[in-house]
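Worksheet for the structure shown next.
These numbers were taken from a predicted model, which means no experiment stands behind them.
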Amino acid sequence: MLIVRKVMTHETRTNDRFFFFFSNFPIVSSLKLSTMATELNPKNFPVLSYVLDRLPSFTAKSSSSSDVDPPPSKSDPSSSSNHSIEIVTQMPHLAHPDVLASMTNAIADVAQTRSVLRTLGPRPDHETVDKARARLREIDASLSESFEEIALSPNDIDVAEKEQKRREAVDQEKTWYNSILKLNELHESYEKLLKEAEERLVRIYESAEKNAAAVAEEEAAVVEVNEEVVSILQQAAENPLDRVDLSGRKLKLLPEAFGKIQGLLVLNLYNNQLEAIPDSIAGLQNLLELDVSTNFLETLPDSIGLLSKLKILNVSCNKLTTLPDSICHCGSLVVLDASYNNLTYLPTNIGFELVKVEKLLIHLNKIRSLPTSIGEMRSLRYLDAHFNELNGLPNSFGLLTNLEYLNLSSNFSDLQDLPASFGDLISLQELDLSNNQIHSLPDAFGTLVNLTKLNLDQNPLVVPPEEVVKQGVGAVKMYMGKRWVSMLEEEEKMANMKDEMDQTNTDWLTRTTSKLKTYVTEVSEYLGSNSPRDPYLDQQL
C-alpha cells in the first residue's frame, strides 16, 4: 500500500514517457503491455464493479484518453448494463441510495488509486517485468566492467569525469526499467486493494440486508399486534376478560376502546413503544394492576386518578418528568414504581392520600426533596430513593415507624444530613446510605434496635469514626447509643442544675416578699392609728 501512496503523488506521469522510453531503447522496444488492469472483471468483483460504474467520474471518460472503453453491447452478456441488471436482481438492496452512498464512501481509496493508474498506464505483462529485471542486472554488471576499463586505461587523464558521464547514462536507462517495476508493483497493490474493497462492500451489503430484514420484521410485527389488539377487543365484547397481556409487542398506540373492557383486572403493556395512555383508561374501574413500564411515556393522563381500586402501578423506565396530582386519588395503591424516569419532585399531597402504599420505588430520578406529607404514609415498609438529587429529608420522615427497608445511596454531594427524627424509625432493618456526603449520623441513631444491615461506604463520616464503622452495624449502634445516653445524662444534669438555681431564686424571692409585706403592714397600722404621730417617722415616710 506504501507503493500506492508514493506513485499516487506522481499523477503527472503519462504514457508518453513510456512511449519515449521504448523508442529510445530498442533493446526493450519489443516488450509487451498487458490490458488495462483498472478495468474490473465483474465476475471477480461484482459489487465493486457495480459501485464504480455508478460513479460519474469513472463512467464519463474523455474521448482523448488512450484507454477509452467501447460502449457496452446489448448482446454482450458481460456488458456493464447486463451486469448491473444481473447483480441488482441478486442483491436488490444495492439500488437503495443509502446503501450506495455508504459503499461509495467505503471505496474512496480504490477510486483514487484507479484514477492514478489510468494516468500512469496499463500494467506490464510478466515477460516485460522479467526482462526489465534482467536488464537491470546486466546494466549493473556492465557498469562495473566499464569502471574497471576506465581505471586501467593508461591514456585517460580525466578518469573521474568519464566515470561520472558513464554513471549518468546508466542511471537514465535504469530509471525507465525501475519505472516498469514500480508500475507493476503498483498494479499488484491495486489488486490487493480491490479484494479488500470487495470484502468491505459485501459486509456493508450484509449489514444493510439485516437492517432491512429487521425493519420488515418490525412492520410485520406491528400488523400482527394490531390484529391481536382487534382480536382482544372483539373477544372482550363477547366474553368478559380479566387479564390482558400485550407486553413486548412493539405497540405504539393503545386504542380508546380498551377503556370499555369493564371486568379487566390486570393490564400488562410492558416493553412497548407507547407514547401516551388514552384518557379512556378511566373506564377500567375494576383494574387492580397496571404495568406500562419500559415505554416512551412523557406524561400520564389525569384520568388515571379515577382508578380507585388500583393496587399496583408500574410506570418505571419511561420519560416522565412529573406524576399527575390526580394519582393521589388512587387510594387503594399498595405498590408504586416510578423508578428510571426524569421526575424532579413528587405530588405535594401524595402522603396524605396514598396511605396504603407499602412499597415506593423512586430511584434513578432527579428528585431534589421529598414532600412533608411523606410522613403520613404510615403503611410504608419499603422505600428506594437511591440515585437522585436529595438534599435532605423532612422532619416528618421519622413518622414512618413501619419502614423496614430504606435506600438513600448515591445522592452524592446533595445528601449531607439526616433529620433528628431519624431515630424514630424503630422498625428499620436495612439501611443504605453509601455514596453521600454525610458527616454525622443523627444522635438517636442508636435507638434503631432492629437494624441488621447498614452501608455507610463513601461518606466523610466523623461521627461515628471510621474505625467504628469498619466493625459493622453492631459497633455503630453501640457507639451511637452510648453517645446518646451521655447526651441525655448531660441534658438531665443541666436540667437539675437549672432547677436548683430556680429553687434558690424562688426562696430568696419568697423571703424578700415576706419581709416587704411585714413592713408594709406595720406602716399601714401606724398610719391608721389615733396615737400621736412621730414627727421623725412622718419625715421618713
Side-chain angles (χ1 to χ4, degrees), residues 225-226 228-230 232-237 240-247 249-362 365 367 371 373-374 376-377:
V225 167
N226 290 337
E228 185 175 2
V229 170
V230 172
I232 290 174
L233 292 174
Q234 291 176 347
Q235 183 180 353
L241 289 177
D242 60 358
R243 181 182 296 268
V244 171
D245 187 350
L246 286 173
S247 59
R249 302 295 209 284
K250 296 183 175 61
L251 191 63
K252 295 183 178 181
L253 177 67
L254 185 67
E256 294 275 348
F258 262 83
K260 298 179 181 180
I261 308 179
Q262 297 292 332
L264 195 61
L265 302 179
V266 178
L267 177 58
N268 188 352
L269 299 171
Y270 160 76
N271 191 22
N272 280 288
Q273 300 174 10
L274 297 173
E275 297 182 359
I277 301 296
D279 286 324
S280 63
I281 198 172
L284 305 177
Q285 297 180 359
N286 294 312
L287 197 63
L288 301 179
E289 297 183 26
L290 174 61
D291 189 345
V292 292
S293 61
T294 314
N295 279 281
F296 303 143
L297 301 177
E298 296 183 1
T299 59
L300 295 176
D302 288 332
S303 60
I304 199 170
L306 297 176
L307 302 177
S308 58
K309 296 182 181 180
L310 193 63
K311 291 185 176 182
I312 300 176
L313 175 61
N314 189 345
V315 295
S316 63
C317 299
N318 279 286
K319 300 180 180 180
L320 300 175
T321 55
T322 60
L323 295 177
D325 290 337
S326 62
I327 203 172
C328 297
H329 302 324
C330 299
S332 298
L333 269 182
V334 176
V335 177
L336 174 57
D337 188 351
S339 58
Y340 292 90
N341 279 286
N342 296 314
L343 300 178
T344 55
Y345 64 91
L346 297 178
T348 302
N349 295 325
I350 190 170
F352 292 131
E353 301 188 58
L354 299 185
V355 294
K356 294 183 180 180
V357 171
E358 296 180 6
K359 191 171 186 177
L360 178 60
L361 305 174
I362 52 174
N365 279 286
I367 299 174
S373 66
I374 193 77
E376 300 301 321
M377 287 185 168

Item to complete: Ignoring hydrogens and angles, tell me if any N or O in the side chain of Asn286 forms a donor-acceptor pair with the backbone of Gln262 under 3.5 Å.
Response: yes
Discussion item. Can you tell me how far apart CD1 (Ile281) and OG (Ser303) are? Round to the nearest 0.5 Å.
Written reply: 7.0 Å
Practice prompt. Determine whether Val292 and Leu297 make a side-chain contact, defined as any pair of heavy atoms from C-beta on separated by less than 4.5 Å.
Written response: yes
Worksheet entry | Nearest atoms (heavy-atom pairs only) where Lys309 meets Gln285 | CD-O, 3.5 Å
Worksheet item: Which heavy atom in Ser280 sits nearest to a heavy atom in Glu256, and how many Å separate them?
Response: OG-O, 2.8 Å
Item to complete: Taking all non-hydrogen atoms of both residues into account, name the closest pair between Pro371 and Thr348 and its distance.
Response: CB-O, 3.7 Å
Discussion item. Strictly distance-based, threshold 3.5 Å: is any side-chain N or O of Asn295 a donor or acceptor partner for the main-chain N or O of Asn272?
Written reply: yes
Discussion item. I'd like to know whether Val335 forms a side-chain contact (heavy atoms from CB on, under 4.5 Å) with Lys311, so could you lay out the CA-CA distance, the side-chain angles of the two residues, the decisive distance to 0.1 Å, and finally the verdict.
Written reply: CA-CA 6 Å; Val335 177; Lys311 291 185 176 182; over 6 Å; no
Practice prompt. Enter the distance from Ser316:OG to Asp337:CG here, rounded to the nearest 0.5 Å.
Written response: 4.0 Å
Worksheet item: Taking C-beta and beyond as the side chain, do Thr299 and Pro324 meet within less than 4.5 Å on heavy atoms?
Response: no
Discussion item. Does Leu346 form a side-chain contact (heavy atoms from CB on, under 4.5 Å) with Ile367? I'd like the steps, not just the answer.
Written reply: CA-CA 8 Å; Leu346 297 178; Ile367 299 174; 4.2 Å; yes
Worksheet item: Does a side-chain heavy-atom distance below 4.5 Å link Thr322 with Tyr345?
Response: yes
Discussion item. Nearest 0.5 angstrom please: Ile277 CD1 to Leu254 CG, how far?
Written reply: 6.0 Å
Worksheet item: Can you find a heavy atom in the side chain of His329 that is under 4.5 Å from one in the side chain of Glu353?
Response: yes
Fill in: Residue pair Ile350 / Ser373, side-chain heavy-atom distance below 4.5 Å
yes
Discussion item. Do Asn341 and Thr321 have side chains that approach each other closer than 4.5 Å (heavy atoms only, starting at C-beta)?
Written reply: no
Item to complete: Please report the closest heavy-atom contact between Pro301 and Pro278, naming both atoms and the distance.
Response: CG-O, 4.2 Å
Worksheet item: Can you tell me if Ser326 uses its side chain to pair, donor with acceptor, with the backbone of Asp302 under 3.5 Å?
Response: yes
Worksheet item: If you count the non-hydrogen atoms of other residues, nucleotides and ligands that lie under 6.0 Å from CD in Glu298, is the total more than 12?
Response: no
Practice prompt. For Leu288 and Ile312, run side-chain contact (heavy atoms from CB on, under 4.5 Å): C-alpha distance rounded to whole Å, both residues' side-chain angles, the deciding distance at 0.1 Å, then the answer.
Written response: CA-CA 6 Å; Leu288 301 179; Ile312 300 176; over 6 Å; no
Discussion item. Using side-chain heavy atoms (C-beta onward) and a distance below 4.5 Å, is Leu265 in contact with Glu289?
Written reply: no
Worksheet entry | Phe258 atom CZ, neighbour heavy-atom count above 12 within 6.0 Å | yes
Worksheet entry | Distance in Å, Leu287 CG paired with Leu306 CG, rounded so as to fall on 0.5 Å steps | 12.5 Å
Worksheet item: Is a side-chain donor or acceptor of Asn318 paired with a backbone partner of Leu320 at a separation under 3.5 angstrom?
Response: no
Fill in: Inter-residue atom distance Asn314.CG - Ser293.OG, 0.5 Å rounding
4.0 Å
Fill in: Minimum side-chain heavy-atom gap Leu274-Leu269 below 4.5 Å
yes
Discussion item. How close do Tyr340 and Asn365 get, counting heavy atoms only, and between which atoms?
Written reply: N-ND2, 4.0 Å
Worksheet item: Could you give the distance from CG (Leu336) to CG (Leu323), rounded to the nearest 0.5 Å?
Response: 6.5 Å
Response to the item:
The residue among Val357, Val334, Asp291, Ile327 that forms side-chain contact (heavy atoms from CB on, under 4.5 Å) with Leu313 is Ile327
